[in-house]
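When a ligand or atom number is given, it counts from 1 through the structure's own listing order. The analysis underlying the following values was restricted to heavy atoms, covering all of them including side chains, and did not include hydrogens, waters or symmetry mates.
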Amino acid sequence: MASGCPMMQAKTEHPCFGGDHGKAGRIHLPVAPGCNIKCGFCERRFDCANESRPGVTSRILTPEQAVARVRLIRRHMAMQGGVHLKVVGIAGPGDPLANQKTFETFRLVREAFPEMTLCLSTNGLLLEEKMPQIVEADIHSLTITINALTPATGARIYEWIRHGGRHYGGETGAAILLERQLCGLEAAAGAGLRIKINHVYIPGINDHETLDLAVEVRNLGAQVMNIMPVIPVGLFRDVEPPSDATMEMVRNQAELILSQARHCKQCRADAAGLVGQDIDVERLEKKRLAY
Ligand code: SF4
Ligand code: SF4
């Protein structure tokens with residue numbers, strides 16, 4: 001494939017989709033506080049899509065503050081030599097698609113930094129209906145968190161969902177969410193997005209569905225899967241988290257079906273810099289204000 005192909009270039013630059021972790025940086029912009037579902041493991045100390053350690057984000061930004069942060073981090077990284085900010089993502093701390101500020105932020109970022117690869121994490125409930133806006137925003141990579149493959153299992157993980165102005169609980173809510181997630185995945189794959197599926201692995205709750213889920217999402221167009229051990233909080237505070245050996249075994253089995261993102265650091269909703277070498281953004285911003 002010619003390196004001039006913009007899709008391939010963007011793909012190889014994204015540190016979480018096969019890019020160079022040591023050179024390509026990413027920033028998560030915490031502009032999306034609201035959520036339309038309630039995961040049993042979320043005490044809103046998690047980033048949406050469970051991609052964060054507790055602590056999540058120091059504060060919520062406006063779209064304008066978010067653009068200013070991208071500018072600051074981009075310049076800061078360029079001064080380090082050999083490393084560059086390549087990816088701008090929105091991953092919470094709620095569900096980005098449940099927050100209109102998400103698209104306003106992407107629009108401002110795209111205007112100011114046309115070279116950036118844009119990415120988004122979501123629980124998938126609104127994915128299909130937001131696809132026109134996602135395509136218009138020129139988003140390249142998508143992470144969808146899917147934790148159950150059947151309504152019965154979903155009902156043990158999701159406390160409720162809010163959809164079309166109504167609340168649904170139990171298997172009804174879980175069935176709606178699952179159907180929306182899978183339709184959204186198919187629509188996003190059809191639109192040419194790179195798709196990673198996050199899956200919170202909860203022993204005794206959803207571990208029997210993990211491999212079937214890998215098959216299902218691969219068949220619908222996902223390219224990468226990221227299986228994460230549950231952190232015992234909320235509804236699952238008494239669950240024994242899976243051991244490293246169990247995670248290794250599950251990922252090895254799933255790898256036979258779908259490529260696994262083993263490097264994921266479960267970054268905060270306001271992470272910035274190289275994956276695993278985060279910049280202290282608050283400190284940098286305070287320093288800038290001091291001058
Ligand atoms: Fe929490 Fe994300 Fe689940 Fe919403 S989708 S409840 S923010 S983990
Ligand atoms: Fe990459 Fe995982 Fe961090 Fe997202 S949370 S930026 S996938 S390492």
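Contacts of N36 with ligand 1, taken as heavy-atom pairs under 4.0 Å, are absent altogether. Contacts between C39 and ligand 1, counted as non-hydrogen atom pairs separated by less than 4.0 Å, involve both the backbone and the side chain.
Defined by atom type and a distance below 3.5 Å, a donor-acceptor pair is present between the side-chain atoms of S243 and T246. A side-chain N or O of N252 and one of R262 form a donor-acceptor pair less than 3.5 Å apart.
Look at G92 and you'll find every heavy atom at least 4.0 Å from all atoms of ligand 1.
Atoms of ligand 1 found under 4.0 Å from any heavy atom of N123, numbered from 1 in the order shown, are 5 (S). Those atoms of ligand 1 with a heavy atom of C42 less than 4.0 angstrom away are 1 (Fe), 6 (S), 8 (S). Applying the 4.0 Å criterion to heavy atoms of I37 picks out, from ligand 1, the atoms 4 (Fe), 5 (S), 6 (S).
Between the side chain of R162 and the main chain of R166, no donor-acceptor pair closer than 3.5 Å is present.
By the neighbour-count criterion of 12 heavy atoms within 6.0 Å, atom NZ of K101 is sparsely surrounded, having that number or fewer from other residues, nucleotides or ligands.
Ranked by closest heavy atom to atom 4 (Fe) of ligand 1, the top entry among G124, A269, P93, C35 is C35.
The list of ring-ring contact (aromatic ring centres under 6.0 Å, His included) pairs with a residue in residues 61-91, not counting sequence neighbours, is empty.
For T172, there are no side chain to side chain donor-acceptor pair (under 3.5 Å) partners, not counting sequence neighbours.
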